[in-house]
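Notes follow the structure.
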Amino acid sequence: MNWTLDTHSIVAPQDFVGSAVAAGIKKENGKLDLGLIFSTRPAVTAARFTSNVVKAAPLLVCLKNLKESGGAIRAIIVNSGNANACTGENGLAVAEKMAILAGRLLAIPPREVLVSSTGVIGLQIPFERMERKAAELKENLGPQGVEAVAAAIMTTDTVRKVCSATSSMGGSTVRITGMTKGAGMIHPRMATTLGFVLTDAAISRDLLEAALTHACERSYNRISVDGDTSTNDTLAVVANGASGAESVEKKDRLFDHFVEGLTAVCQSLAQQIVRDGEGATKFVEIAVTTAPGEPEATAIARSIANSPLVKTALAGEDANWGRILCAAGYSGVSFDPSRVDIWIGDLPVCRGGVGLPFDESRAKQILRSRDIQIRLDLNQGQASSIMWTCDLTKEYIHINADYRT
């Protein structure tokens, strides 16, 4: 059993519909900014949210609804252009009204709705504009409308980020389809990112939670654009069992296959975020190998991925390997630097913690590529880990200096 991935189009799994409209929440007139996703049959949902102590109002409503429904969530209403974060009691009331509005349109209890928002922090959200578009939102619902939602959640994104996977599973064809957004304020430790994954696989809520934990840790938790974790980060997976496939009820071969597909979709979406990082010109894989343990390898990779000095050197195509080793050294992991080897692409630049003579022109050629790998061999264990990041350019500063205006 293998999963076939499509990273260019999005196909709704069975019994999922969607819709998107331009409600006037974004400052750009006529752009899609309000979306609705719905499973026409009962579903179970697992979700992860920001680790930021400052949580936007929609997240508080999501946490409440997940608890009250026992995870029986079957709809998502989402807007872009306004984060509805740090907006006090009024913002919380609006988030609750969004759930009520979706419930009314879909004839389901509001507790079966997740609410999500993305955009500028601190602005009151104009709910009346959503109400004015409610009839159109309902009228547009259909399988093709799921793709429109992928456009409606974009903010500084330059491209839609989607992925669909299909496979034979439990006697039927199963689809896992995802969409995401994010280009800046990206460092999810479940950044500004939203991710919605839909599947017609049948799986219990507990096992869906376990599958999402595995997939999230190896995808969204392994990316960084700028090291900032947003107030609105959300990753949700909705499973409705409409494929007719055998239900995943225990951690067996069927479960492992589902986890493989979910992880592949989430990794694709997460990597698309990094590739579209604000001002980014390079996609960089930080691989840490032969570490004492995976947590240690991840901590070192994350420290390097977040380093402004490493990221600006990459932007300048400067093989400044000392910055890489320095970032590893302040990761909080105890290791012996005299045993560390560093590679930039296929070029060794450091051995045993000491610089090697290398061809600067060859290094420049490697760093001029769109895709780059940096590898640290700690030579102190058997574990490994990967982070994905991008370079830090002047364009990133321009985008974020003018974000509100």
Side-chain angles (χ1 to χ4, degrees), residues 17-38 45 47 49-50 52 54-69 73-141 145-146 148-157 179 181 185 192-194 196 230-234 236 403-405:
V17 294
S19 171
V21 297
I25 302 168
K26 284 180 177 173
K27 59 185 178 182
E28 304 93 343
N29 289 330
K31 284 205 170 184
L32 297 174
D33 54 15
L34 181 64
L36 185 63
I37 299 170
F38 178 49
T45 294
F49 304 102
T50 185
N52 197 322
V54 181
K55 290 178 170 57
L59 272 62
L60 302 179
V61 172
C62 287
L63 290 166
K64 177 175 69 72
N65 287 355
L66 279 163
K67 182 177 181 180
E68 291 182 356
S69 70
I73 299 290
R74 54 192 293 198
I76 301 168
I77 185 168
V78 55
N79 75 272
S80 59
N82 187 312
N84 194 11
C86 306
T87 47
E89 291 300 320
N90 183 68
L92 186 59
V94 168
E96 290 173 340
K97 288 177 182 178
M98 288 175 67
I100 293 169
L101 175 64
R104 175 167 57 83
L105 294 178
L106 303 172
I108 62 174
R111 66 174 179 273
E112 295 183 5
V113 179
L114 290 187
V115 181
S116 193
S117 299
T118 182
V120 179
I121 294 171
L123 298 180
Q124 295 295 333
I125 193 164
F127 178 69
E128 66 282 355
R129 298 180 190 177
M130 299 184 194
E131 286 186 301
R132 286 200 293 266
K133 288 289 185 173
E136 183 180 346
L137 196 63
K138 181 177 181 179
E139 182 181 342
N140 291 348
L141 279 171
V146 172
V149 181
I153 62 178
M154 294 168 60
T155 51
T156 59
D157 307 70
M179 66 183 74
K181 62 86 53 184
M185 199 182 276
T192 302
T193 185
L194 305 179
F196 307 125
S230 172
T231 56
N232 291 61
D233 301 345
T234 299
Y403 183 65
R404 280 203 322 132
T405 56

Given 3.5 Å as the limit, does a donor-acceptor pair link the side chain of Asp157 with the main chain of Thr155, or not?
yes
Step by step, would you call Lys181 with Thr118 a side-chain hydrogen bond (donor to acceptor under 3.5 Å, both in side chains)?
CA-CA 9 Å; Lys181 62 86 53 184; Thr118 182; 3.0 Å; yes
Phe196/Leu114 under side chain to side chain contact (heavy atoms under 4.5 Å, CB included): CA gap, chis, key distance, verdict:
CA-CA 11 Å; Phe196 307 125; Leu114 290 187; over 6 Å; no
Nearest heavy-atom pair of Ala85 and Asn232: which atoms, and what distance?
CB-OD1, 3.8 Å
Checking the side chain of Asn84 only, and the main-chain atoms of Leu92 only, is there a donor and an acceptor separated by less than 3.5 Å?
no
Considering residues, nucleotides and ligands other than Glu89, do more than 12 of their heavy atoms fall under 6.0 Å from its CD?
no
Judged by atom type as modelled, is there a donor-acceptor pair below 3.5 Å linking the side chain of Lys97 to the main-chain atoms of Glu131?
no
With no hydrogens and no angle check, is any side-chain donor or acceptor of Gln124 less than 3.5 Å from a backbone partner on Thr87?
yes
Supply the atom-to-atom distance Leu59 CG to Leu66 CG, rounded to the nearest 0.5 angstrom.
10.0 Å
Nearest heavy atoms of Leu106 and Ala75, plus distance in Å
CD1-CB, 3.5 Å
Examine distances only and state if a side-chain atom of Asp33 and a backbone atom of Ile25 form a donor-acceptor pair shorter than 3.5 Å.
yes
Please answer whether the main-chain N or O of Leu137 pairs with a side-chain N or O of Ser19 as donor and acceptor at a distance below 3.5 Å.
yes
Under the criterion side-chain hydrogen bond (donor to acceptor under 3.5 Å, both in side chains), I'd like the reasoning laid out for Ser117 against Asn79: C-alpha separation, chi angles, the key distance, then a yes or no.
CA-CA 5 Å; Ser117 299; Asn79 75 272; 2.6 Å; yes
Tell me if a side-chain donor or acceptor on Lys26 pairs with a main-chain N or O of Leu32 at a distance below 3.5 Å.
yes
Between CZ of Arg111 and CG of Asn65, what distance do you get to the nearest 0.5 Å?
9.0 Å
Looking at Lys31, I'd like to know if its NZ atom is crowded, meaning that more than 12 non-hydrogen atoms belonging to other residues, nucleotides or ligands lie closer than 6.0 Å.
no
Passing candidate, side chain to side chain contact (heavy atoms under 4.5 Å, CB included) with Phe38, options Ile76, Ile108, Val146
Ile108
